[in-house]
Amino acid sequence: MSRLVVVSNRVADPRKATAGGLAVALGEALKATGGLWFGWSGSIVEGGAPGEGELHVQHAGSVTLATVDLSVEDHAGYYLGYSNGVLWPVFHYRLDLARFDGGHINAYRRVNQLFARKLMTLLKPDDIIWVHDYHLIPLAAELRALGSTHRIGFFLHIPLPPQLLLAAIPQHEWLMRALFSYDLVGFQSEVDLLHFSHYVHAEASAESLGQNRFRAFDRTVQAGAFPIGIDVDEFAALTHGKEASDMYERMKEEYSRRKLLLGVERLDYSKGLPQRLRAFQTLLKKYPENLRSATLIQIASPSREDMGTYTDLLQELESLCGAINGNFGELDWMPIRFIHRNVARRRLPGLYRVARVALVTPLRDGMNLVAKEFIAAQDPADPGVLVLSRFAGAADQLKEALLVNPYDTDGTADAIQRALNMSLEERQSRHQKLLKTIREQDVHWWRQTFLKTLAETRSA
Ligand code: ADQ
C-alpha cells in the first residue's frame, strides 16, 4: 500500500484530546499507511530569512509530523496577506473586503515553494499526496517543478466562487492553472464544481472529457464534489462523556424556564453574525411571547485577531448585543449572551444538546460542521431544531433543516419562531432523516471516497 502524505497549513497530533474530528479522521488514514503529515509549525521567526524556515520532524506513534517555521515577512504575506486577505474574502464572495495590493502574492508563492522544497526531501517514490485548502493551491505545481511525479490530490474546504468573482483576483489564471497540476481536485458541493466547470470553459477554453474530467492548460484534471462530514460516532460518544454531561446538566438547570437558542463559530464575517443578531431582535419585536423567555447564547471564538476586518466585526457585534440587551433585557433576563471564547471540544456537545434551536446562518460557507455536530448531539426522543442558511454547503445535504436566507431578516425571524414552536413529532421526524444523512456521509466516507477516487485517477 502506498504511504499517505497529508499537507495542510496547520498540522495536528491525531493522538491529542484537543484534535477535532478531521484530525482524527486523517490521523486514522495516516496510521494505516505509516503516513506523514506536513505543514506550518505555527512558529513565526523574528529575523528569519524570507523563503527559509527550519524543518522539524517528530513521531506521533506510526505517524510522522513534519513542520516548517515561517519568517515574520512570509507569515504576513502568505498567511495574513494573501490566504486570508485575498483568497478567503473572494472565495466567500466578499470582494469588498479583499486587499489585492501589497504584493502578498510573492510571499504566498515563496512559502509554497519553501514547502515544496522541504517536502521533496521527505517523499518516497510511490507516496500519495493529499493537499488541503486555499493556502496551498500552487503546491502541486511547485512539487512538479522540482520533478515530483506523485499522485497528488487537492481538497478545497471553502467555496469556489463564480467565474466573474474569481476573475477579480489579479492572479486568477495562475491560481486556476495551478489546480491542473493535481490529479484530482475535490470541492465541498456540486455548486462549487459547477463554478469550476464554468470558469475553465469561459476563461481557459477547457474541453470536457466527461465525468468531470477537464482538459485545459495542456493538462487534464479530474474534479469532483466530496462533501465533508463529521465522525458521528465519536461525537455521540463525546456527548455522553462526563464533561458534556456536566455541561448539559448545568445549563439545563440554569435555563429551565427559558428557550435556549445557540450559535457557535469562529468569529468570522462569513458566518453572518450581525445578520443573525438582527433576526433575533426581529423575533423579539414581532413575536413578543419570546420576551423574558428566548435566550440566545452566541459563542464566537477568537480567530485571525491580527487582521483589522476581524477587530471591526467584534466591535460591531459587541455594540449590537449591547443595544439588543439594553432595549429588551430585564433585571432577570438578558436576551443575548455573547461569549468571545473557545469552548472545550469535550463540553460542546452538552451545549448543543441543551439548545432547542441552533442558528447556523452563514452568508457563505464551504460546508459548516457545526450544523452536523448539532444533529449528532441531539436526543432523538426530544431533538432540537436546526435553522440553517441555504448558503452553507451543508444545505445541499441537510434538506430537513429549516433553510433560511440570512440576508432576509424577517424570513429568518419567522423560521426561528417556527423552530421554537415545532411539534415533537415533526422535530423527531426531521431529526431522524438528518441523522441518517450525516451517518451515511460521515468523515470516514468522505476520506475513503476522496482517496479511492485519487487512487483510480491519473491525470496527464
Ligand atoms: P470553519 O470555517 O472553521 O471550517 P466549521 O465547518 O463550522 O467552520 O468547523 C468549525 C469547527 O470548529 C467545528 O468542529 C466546531 O465544533 C469548532 N468550533 C467552532 N467554533 C467553536 C468555538 N467557539 N469553540 C469551540 N469549538 C468551535 C472550514 C470551512 C467550513 C468547512 C470546514 C471543514 O470554512 O465550511 O466545513 O473547514 O471542511
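One-based numbering, in listed order, for ligands and for the atoms of each. Every heavy atom of this structure was used, including side-chain atoms; hydrogens, water molecules and symmetry mates were not. Since we're looking at a predicted model, the values are computed, not measured.
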For this session: Could you tell me the separation between the OG atom of Ser83 and the CZ atom of Phe91, rounded to the nearest 0.5 Å?
Result: 10.0 Å

For this session: With heavy atoms only and a cut-off of under 4.0 Å, state how Asp268 meets ligand 1: side chain, backbone, both or neither.
Result: neither

Exercise. To which protein heavy atom is atom 14 (O) of ligand 1 closest, and what is the distance rounded to 0.1 Å?
Worked result: Glu373 OE2, 2.6 Å

Exercise. Can you list the ligand 1 atoms lying under 4.0 Å from a non-hydrogen atom of Leu348?
Worked result: 16 (O), 26 (N)

Problem set entry | Which segment of Met367 sits under 4.0 Å of ligand 1 when only heavy atoms are counted | both

Problem set entry | Axial cation check for Trp88 ring with Arg304, 6.0 Å and 45° limits | yes

Exercise. Is there any N or O on Gly366 that sits under 3.5 Å from an N or O of ligand 1?
Worked result: yes

Exercise. Identify the closest protein heavy atom to atom 7 (O) of ligand 1: which residue and atom is it, and at what distance?
Worked result: Leu369 N, 3.4 Å

Problem set entry | Parallel, tilted or perpendicular: ring planes of Phe450 versus Phe226, cut at 30 and 60 degrees | perpendicular

Exercise. Tyr352 near ligand 1, heavy-atom distance under 4.0 Å?
Worked result: yes

Exercise. Does atom 4 (O) of ligand 1 have any protein heavy atom closer than 4.0 Å?
Worked result: no

Exercise. To the nearest 0.1 Å, how far is atom 36 (O) of ligand 1 from its closest protein heavy atom, and which atom is that?
Worked result: Asn368 N, 2.9 Å

Seminar exercise, completed: Note: heavy atom closest to atom 23 (N) of ligand 1, options Ser301, Pro349, Gly393, belongs to Ser301

For this session: Determine, using ring centers only, whether Trp446 and His444 are less than 6.0 Å apart.
Result: no

Problem set entry | Identity and distance of the protein heavy atom lying nearest atom 37 (O) of ligand 1 | His157 CB, 3.9 Å

Exercise. Does an N or O from Trp88, backbone or side chain, lie closer than 3.5 Å to an N or O of ligand 1?
Worked result: no

Exercise. Just checking, any donor-acceptor pair under 3.5 angstrom between side chains of Tyr82 and Gln171?
Worked result: yes

Problem set entry | For Ala29 against Arg447, the heavy-atom pair lying closest together | CB-CD, 3.4 Å

Exercise. Strictly by modelled atom types, are Glu373 and Tyr352 linked by a side-chain donor-acceptor pair under 3.5 Å?
Worked result: yes

Problem set entry | Atoms in ligand 1 with a heavy atom of Asn342 nearer than 4.0 Å | 22 (C), 24 (N), 25 (C), 26 (N)

Problem set entry | Tyr78 and Asn9: side chain donor to acceptor below 3.5 Å | yes

For this session: Could you tell me whether the side chains of Gln188 and Asp396 share a donor-acceptor contact shorter than 3.5 Å?
Result: no

Problem set entry | Donor-acceptor pair between Asp192 and Ser189 side chains, under 3.5 angstrom | yes

Problem set entry | Interatomic spacing from CD in Glu440 to OG1 in Thr437 - rounded to 0.5 Å | 6.0 Å

Problem set entry | Enumerated ligand 1 atoms positioned under 4.0 Å from heavy atoms of Arg345 | 14 (O)

Exercise. Quick one: does atom 30 (C) of ligand 1 have a protein heavy atom under 4.0 Å from it?
Worked result: yes

Exercise. Does an N or O from Ile228, backbone or side chain, lie closer than 3.5 Å to an N or O of ligand 1?
Worked result: no

Problem set entry | Asn405 versus Asp408, side-chain donor and acceptor atoms under 3.5 Å | no

Exercise. So, His157 versus Tyr134: side-chain donor-acceptor pair below 3.5 Å or not?
Worked result: no

Exercise. Which one holds for His340 and ligand 1: side chain close, backbone close, both close, or neither close, with close meaning a heavy atom under 4.0 Å?
Worked result: neither

Seminar exercise, completed: ligand 1 to Lys271, heavy atom cutoff 4.0 Å, flagged ligand atoms 1 (P), 2 (O), 8 (O)

Seminar exercise, completed: A student checking ligand 1 against Arg266 at a 4.0 Å heavy-atom cut-off should list atoms 1 (P), 2 (O), 3 (O), 20 (N)

For this session: For atom 25 (C) of ligand 1, grab the closest protein heavy atom and report residue, atom and distance to one decimal in Å.
Result: Val343 O, 3.0 Å

Seminar exercise, completed: among protein heavy atoms, the one nearest atom 21 (C) of ligand 1 is Val264 CG1, 3.7 Å

Exercise. So, Asp268 side chain and Lys271 main chain: donor-acceptor pair closer than 3.5 Å or not?
Worked result: no

Problem set entry | Salt-bridge present (Glu265, Arg276; N to O < 4.0 Å) | yes

For this session: Please check if any side-chain donor atom of Ser8 sits under 3.5 Å from a side-chain acceptor atom of Trp40, or the reverse.
Result: no

Exercise. To which protein heavy atom is atom 10 (C) of ligand 1 closest, and what is the distance rounded to 0.1 Å?
Worked result: Val370 CG2, 4.6 Å

Seminar exercise, completed: In ligand 1, the atoms that come under 4.0 Å of a heavy atom of Gln188 are 31 (C), 38 (O)

Exercise. Can you list the atoms of ligand 1 that are under 4.0 Å from a heavy atom of Ile299?
Worked result: 23 (N)

Exercise. Which of the numbered atoms in ligand 1 are below 4.0 angstrom from a heavy atom of Arg341?
Worked result: 23 (N)

For this session: Would you verify that at least one protein heavy atom lies under 4.0 Å from atom 18 (N) of ligand 1, or report that none does?
Result: no

Seminar exercise, completed: the protein heavy atom lying closest to atom 34 (O) of ligand 1 turns out to be Asp365 OD1, 3.4 Å

